[in-house]
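Below is one structure, written out as structure tokens; the observations come after it.
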Amino acid sequence: MKFMKKVLLLGAGFSYDFGMPLTYELTNVFTNVFNEKNAKALVESVYQQNNNDCSRPINRGALNEAMQMVLDYEGSNYEELLASIENLSEIYSNKTQSDRDSYHCLFSALYSVIHLILFYYQVVSFSLMYPRNKQWFCKVKNLLNSKDTWVFTLNHDIYFECLALDFGIPVTYGDNQNITFPKSNIEMDEIIKLTFKERSKLFECSSFFNDKRGVNLVKLHGGLSELEYNDGEKICNQSLGVADSNELMTDFINIQEMGYYVDNYKVPSGKDRVITGHNGRLDIICQSMLTGGNKYSRTTNDKKGEEKLKLFSEQINSADEITVIGYGFGDKHINNRLSNAMVKNENLKIQIVDAIFKPIPESLEQFDYDERINRATCGAAHWMDYVESEKWNEEQMEHIKINTAIRKQVLDGVKRLLPISKV
């Protein structure tokens, strides 16, 4: 009997019932962080932190121009907003190097706000929603192969890892080496353990599961606890060698608290995080979360820095079925590769699972024949049950309906934690 290779692609909808935000919800929180007063304070802070290099000075005018775009934004997609800031220097040919550097510095600061909001969502939702909902995800194994399964996620959270640990599913990022850092230069004895893999060796499959039960997890858009070290050559992750999701969350929080102190004051960071090296001196590690309009390039040829996309293409090209859960098909670099795989592999089928009924994405319309494209209007947990029995679990459905009210509690908890807010 031929082995049927299934690949999973996870979007924001997969983590919805654990309390993580959808795009419009995150956008609302992000834009409501700022008012005229704290926007000016952020601009001044960015200016003071980044204007030490006399050869590449930034300017307040460009910072204020970009910040005003945030204050004026009335849309529902924070990535669209960040992309418009990224593109300022391309739209206007009269922009100076100082202007471009200023846009970049403000983008980095706004990136950090987004990262912080998502961090708070992870912490608050893990406390309020994960314990009461994880039982309904216990059949996640129904989505996996009997042998190895490749799971590609567009999410930044760690909920798939939590489920794998709590339900005894072997999971790996493909890392094959370990690295440690002190939590800070005033907490040298508290050690943060990370695993990593050299970017250049991402395709060496010896450290991934091969022909045996387990999940090979790849975060296509980076993650809250995924970091890049040594100029991006080392892709680092929190260790998965822990007992359960509670230990994973403890490590997750400790990683976020890494830093370096001067006169008992924590040195501020942006996307490039200031941490403490092995020798107690200041070191830099970079947050890997991809956001905005330039996550990846527009073309589908292989490029340095896009190794994860190449891995994604290789796996879906050889798959029999791709189950897409909670993805809104808003990323061209993903859609193009799905479409290309459907052309190359005539036996490939795609199962789309989404709680909201939507038409077949335009990029896949041409393949809507011979049951190559199938849709299910339901949540992730509902689908896990259904694929086993082809019946809907009514108890589960009633229980999950209550999540709407608890999500409001998560939102309120996140807002209370934000250091600057007008909400």
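Computed from heavy atoms alone, side chains included, the values below leave out hydrogens, waters and symmetry copies. Position 1 is the first residue of the sequence; numbering continues from there.
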Q: Determine whether more than 12 heavy atoms belonging to other residues, nucleotides or ligands lie under 6.0 Å from atom NZ of Lys183.
A: yes
Q: State, yes or no, whether a side-chain contact exists between Val215 and Ile169 at a heavy-atom distance under 4.5 Å.
A: yes
**Q.** Test side chain to side chain contact (heavy atoms under 4.5 Å, CB included) applied to Asp354 and Arg375, step by step
**A.** CA-CA 8 Å; Asp354 200 304; Arg375 289 176 292 175; over 6 Å; no
Q. How far does SG of Cys162 sit from NZ of Lys134, to the nearest 0.5 angstrom?
A. 9.0 Å
Q: Would you give the length of the straight line joining atom OH of Tyr121 to atom NE2 of His156, rounded to the nearest 0.5 angstrom?
A: 14.0 Å
Q: List the steps, then state whether side chain to side chain contact (heavy atoms under 4.5 Å, CB included) holds for Gln366 with Met342.
A: CA-CA 10 Å; Gln366 61 177 313; Met342 292 291 281; over 6 Å; no
Q. Just checking, is any N or O donor in the side chain of Gln68 or Asn64 under 3.5 Å from an acceptor N or O on the other one?
A. no
**Q.** Donor-acceptor under 3.5 Å (Arg273 side chain, Met258 main chain)
**A.** yes
Q | Side chain Asn185, main chain Tyr261, donor-acceptor under 3.5 Å | A | yes
Q | Atom CG of Asp231 with >12 non-hydrogen neighbours under 6.0 angstrom | A | no
Q | salt bridge (charged side-chain N to carboxylate O under 4.0 Å, His left out) against Glu247, all qualifying residues, sequence neighbours excluded | A | none
Q: Would you indicate whether the side-chain heavy atoms of Thr23 and Tyr78 approach each other to under 4.5 Å?
A: yes
Q.
Measuring only between side-chain heavy atoms, which start at C-beta, is Ile400 closer than 4.5 Å to Tyr16?
A. no
Q. So, do Phe137 and Phe18 have ring centers that fall under 6.0 Å from each other?
A. yes
Q) So with a 6.0 Å cut-off around NE2 of His382, is the heavy-atom count from everything else above 12? A) yes
Q: Show your reasoning for whether ring pair (Phe, Tyr, Trp, His ring centres under 6.0 Å) applies to Tyr229 and Phe181.
A: CA-CA 12 Å; Tyr229 189 59; Phe181 296 94; 5.1 Å; yes
Q. What is the minimum heavy-atom distance between Met67 and Ala39, and which atoms define it?
A. CG-CB, 3.8 Å
Q. To the nearest 0.5 Å, how far apart are CG in Asn133 and CG in Leu163?
A. 10.5 Å
Q: Please list, chain by chain and in numerical order, all residues satisfying salt bridge (charged side-chain N to carboxylate O under 4.0 Å, His left out) with Arg199, sequence neighbours excluded.
A: Glu228, Glu307
Q) Do you see a donor-acceptor pair shorter than 3.5 Å between the side chains of Asn403 and Arg132? A) yes
Q) Crowded around Lys332 NZ? As in, over 12 foreign heavy atoms under 6.0 Å? A) no
Q: Ignoring hydrogens and angles, state whether a donor on the side chain of Asn35 or Asn38 is under 3.5 Å from an acceptor on the partner side chain.
A: yes
(Q) Looking at Lys408 and Asp412, is any side-chain nitrogen of the basic one under 4.0 Å from a carboxylate oxygen of the acidic one? (A) yes
Q.
Strictly distance-based, threshold 3.5 Å: is any side-chain N or O of Gln409 a donor or acceptor partner for the main-chain N or O of Leu128?
A. no
Q: Report yes if the side chains of His333 and His221 come closer than 4.5 Å at any heavy-atom pair, otherwise no.
A: yes
Q) Quick one: CG on Asp368 to CD1 on Ile350, what's the gap to the nearest 0.5 Å? A) 11.0 Å
Q: Specify the closest pair of heavy atoms between Glu79 and Thr291, including all atoms of both residues, with the distance to one decimal.
A: OE2-OG1, 3.1 Å
Q. Is any NZ, NE, NH1 or NH2 atom of the basic residue among Lys219 and Glu161 found under 4.0 Å from an Asp or Glu carboxylate oxygen of the other?
A. yes
Q: Determine, step by step, whether Lys308 and Tyr296 satisfy the side chain to side chain contact (heavy atoms under 4.5 Å, CB included) criterion, reporting the C-alpha distance in whole Å, the side-chain angles of both residues, the deciding distance to 0.1 Å, and the verdict.
A: CA-CA 10 Å; Lys308 289 182 180 179; Tyr296 290 105; 4.1 Å; yes
(Q) Please check this pair: side chain of Tyr73 against backbone of Asn77, looking for a donor-acceptor N/O pair closer than 3.5 Å. (A) yes
Q.
Using a 3.5 Å distance criterion without hydrogens, assess whether the side chain of Ser339 forms a donor-acceptor pair with backbone atoms of Asn335.
A. no
(Q) With heavy-atom distances below 4.5 Å as the criterion, would you say the side chains of Glu86 and Phe107 are in contact? (A) yes
Q. Has the side chain of Ser184 got a donor or acceptor atom that lies under 3.5 Å from a matching backbone atom of Tyr260?
A. no
Q.
How close do Pro170 and Gly168 get, counting heavy atoms only, and between which atoms?
A. CD-O, 3.5 Å
Q: Could you tell me whether a side-chain N or O of Ser98 sits under 3.5 Å from a main-chain N or O of Pro57, the two making a donor and an acceptor?
A: yes
Q.
Between Glu226 and Ser288 (side chain of the first, backbone of the second, donor and acceptor by atom type, cut-off under 3.5 Å), is there such a pair?
A. no
Q | Check: Thr172 and Thr195 side chains under 4.5 Å, non-hydrogen atoms | A | no
Q: Kindly say whether Ser108 contributes a backbone atom to a donor-acceptor pair with the side chain of Ser112 at under 3.5 angstrom?
A: yes
Q: Return the set of residues passing salt bridge (charged side-chain N to carboxylate O under 4.0 Å, His left out) with Asp99 (not counting sequence neighbours), or none when no residue passes.
A: none
**Q.** N/O donor-acceptor pair under 3.5 Å between Arg56 side chain and Gln97 backbone
**A.** no
Q) Would one find more than 12 heavy atoms of other residues, nucleotides or ligands at under 6.0 Å from atom NZ of Lys141? A) yes
Q.
What's the separation between atom CD1 in Ile322 and atom NZ in Lys6, rounded to the nearest 0.5 Å?
A. 13.5 Å
Q.
If I compare all heavy atoms of Cys286 with all of Asp272, which pair ends up nearest, and what's the gap?
A. SG-OD1, 3.4 Å
Q | Worked verdict on Leu227 versus Gln287 for side chain to side chain contact (heavy atoms under 4.5 Å, CB included) | A | CA-CA 5 Å; Leu227 300 162; Gln287 293 169 336; 4.2 Å; yes
**Q.** Heavy-atom check, side chain of Phe126 versus side chain of Tyr159, under 4.5 Å
**A.** yes
Q. Under 4.5 Å between any side-chain heavy atoms of Ile192 and Gln238, yes or no?
A. no
Q | Closest contact, heavy atoms only, Val46 versus Ala109 | A | CG2-CB, 3.6 Å
**Q.** Identified salt bridge (Lys or Arg N to Asp or Glu O under 4.0 Å) counterpart of Glu65 within the set Arg60, Arg100, Lys95
**A.** Lys95
Q: Inspect the surroundings of CD in Glu394 and state if more than 12 heavy atoms from other residues, nucleotides or ligands are less than 6.0 Å away.
A: no
Q.
Can you confirm whether the side chains of Asp157 and Ser15 place a donor and an acceptor under 3.5 Å from each other?
A. yes
**Q.** Parallel, tilted or perpendicular: rings of Phe329 and Tyr327 (30°, 60°)
**A.** tilted
Q) If you measure from CG on Asn155 to CG on Leu118, what distance do you get to the nearest 0.5 Å? A) 10.0 Å
Q) Among Leu154, Val324, Val151, which residue meets the side chain to side chain contact (heavy atoms under 4.5 Å, CB included) test with Leu10? A) Val151
Q.
Show the nearest heavy-atom pair for residues Gly292 and Leu82, with the distance to one decimal.
A. CA-CB, 4.0 Å
